[in-house]
Structures are given as C-alpha cells and as structure tokens.
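Reviewing the structure listed below.
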Amino acid sequence: MTITRITVHTLLAIFLSSCTVTFITGYDQVIDSTLTKMKSDFNLHFIKLGRTIQDSDPANQKFGNFQDYYDHMEVDLITLEGRARNLSAKSAIVKKQIHNLDSVMHSFEALHKASIPDRPGDDRRDIRNGINSAFDAVIKLQEELKSTGKIKSTK
Amino acid sequence: MGILDYKQIVSECFVAAKTELGKSWKSFKPYAEHEFRQFAENAEFLAHLKLAGTIENEELKARLEIQQLALKNVLLTMRGIGLVTAQNTVNAVLKIVGKAVSKVLEVALPV
C-alpha cells in the first residue's frame, strides 16, 4: 500500500516537473534569415526606385528595369511558403503571416507593373512603411518564438 | 514525506506570472504604439493625396490593400505574443509546482 502511494506520488512529481504546455510554435531559422534578407533587399530596391520617381525621366522607373529584384523576391517567397508548409499545426499564426506577406509583395509588384509615375510630393512612403511593417511583424514573432521555453528561474 | 507549503508556492507562481507578463508588456507596448502610429500616418498621407486629386480611386484602393495586409500581420504578431506569454507563464508555474512536489517527496527529478 505504502509502496503504491509513494509510486503514485513520485509519478505525479515526475509528471509535474517534466510537463510543459505548447500553445504556439513556428520558429524556423530559414524563415527568420530569409525574412531579414528580403527586408534588406526590399529597402535597397525601394531606395533605387524612389530615386527614379522623383526625377524628370518618366521611363527609368519602368517595371522591366527592376525585373531582377522581382525574380529574386519570387524565389524568396517560394522558400518562405515551402518552409511554412512544413510547420506544425500549432504554427497557424506564422503560416497566415507568410501568406499575408506573399499577398503584400505581390500587390506591390502589381502596383509597379501598372506603373509608378513621377509625382512630386508623393514619395510612396505608405508603401515602404506598410511593407516594412509586414516584414517586421513576422520577424518580431519569430524572435519571440525563438526565445520561447527559456524560462528563467524567479528565485 | 514533507508538507507542501501552498502559501510559498502561490507566492512564487504569482512572481513568475508577473515576471512573464511584465517582460511581454515591455516588448509589446512600444511595438504596438509604433505600428499603430505608423498606420495612422500612412492613412493620413493617402487621404491627403486623394483629397488633393493626386491619386485616383484605383490607386488608393491598391495602396490601402497593402496597409490592410500589413496591419493583419501586425495584429497576428500581437496575438502570437499573447500566446507565447500565456505559454511561458503556464510553464513557469508548472515548473514551480513540480519542484515543490519533488522537494516534499524528496526525490531527485530531472527538473
């Protein structure tokens, strides 16, 4: 009887000490590094594009002049989608974020394809800010997820 | 076998929860403030362009769509941070309770 009680208590203690709950996952090193690279590439692209829409040459901002950037962007988006697809079921938030980011970047591409004319006073800062926010959001959550589980002792 | 000091356990759990929530709020607040201010500024900029007749409805719609999708990602991050905080808090509490129980039982556990 005593042995059984001790065994039950020991098992309970083992269970409590080793038990951890997981509400959310989704950290992926490749996603994290690809996002950082994509954000840097986007900002470099936007600086170059921004220069062409603030001058008097109406042709230098044509989509074709920037095709190389969009090709690389497409490759990076494929990488992100591929990695996100393999994340666990508890990574639904990260998956949605990657999907949204894909939509943001394709909306931007479509906007450029439809032409971005020279326009003094309109530096398209809303586009730059919005896309950076979309990147930062996913990067921030990746940072939070990366450090999850590192519980510091309160004593 | 010793006795569980519930008062001490509750006190430690409270400190752990407060620490986790505090850490999360410290990270969450400046991020949320910055992003919401940014979206308000972007909306104001677009409204100004539209009112001045600089951009047409179609372009406004396309540029607002980018804002909308970006905001969705920001809100998803906030939701994610909330879940991470809850997860860390529950795990910190479980760790404290597990340690207390194993101490009372005087068994060495892989904590």
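Naming: A, B, ... by sequence-line order, numbering from 1 per chain. From a predicted model like this one, the values you see are computed outputs, not experimental measurements.
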NZ of B:Lys95 to SG of A:Cys19, rounded to nearest 0.5 Å, is 13.5 Å
Option in A:Arg119, A:Lys96, A:Met105 with maximal non-hydrogen atom pairs under 4.5 Å from chain B: A:Arg119
Going by heavy atoms in the side chains, are A:Leu101 and B:Asn73 under 4.5 Å from each other? yes
Do B:Thr77 and A:Gln97 get their side chains close enough for a donor-acceptor pair, meaning under 3.5 Å? yes
Side chain proximity check, A:Asp126 to B:Ile66, heavy atoms < 4.5 angstrom: no
Side chain / backbone / both / neither for B:Leu83 at chain A, heavy atoms under 4.5 Å: both
Once you round to the nearest 0.5 Å, how far does CG of A:Leu111 lie from CD of B:Glu59? 6.0 Å
Go through the atoms of B:Leu49 and report whether side chain, backbone, both or neither lie under 4.5 Å from a heavy atom of chain A. side chain
How close do A:Thr20 and B:Asn91 get, heavy atom to heavy atom, and via which atoms? CA-OD1, 3.1 Å
Hey, are the side chains of B:Leu69 and A:Ser107 touching, using non-hydrogen atoms and a 4.5 Å cut-off? yes
Taking side chain to side chain donor-acceptor pair (under 3.5 Å) as the criterion, tell me which of B:Gln38, B:Gln67, B:Glu35 meets it with A:Ser133. B:Glu35
Whatever's closer than 4.5 Å to a heavy atom in chain A on B:Ser27 counts as both
Would you indicate whether the side-chain heavy atoms of A:Phe23 and B:Asn88 approach each other to under 4.5 Å? no
Answer with side chain, backbone, both or neither: which region of A:Asp102 has an atom nearer than 4.5 Å to a non-hydrogen atom of chain B? neither
Are any non-hydrogen side-chain atoms of B:Phe39 and A:Asn129 less than 4.5 angstrom apart? no
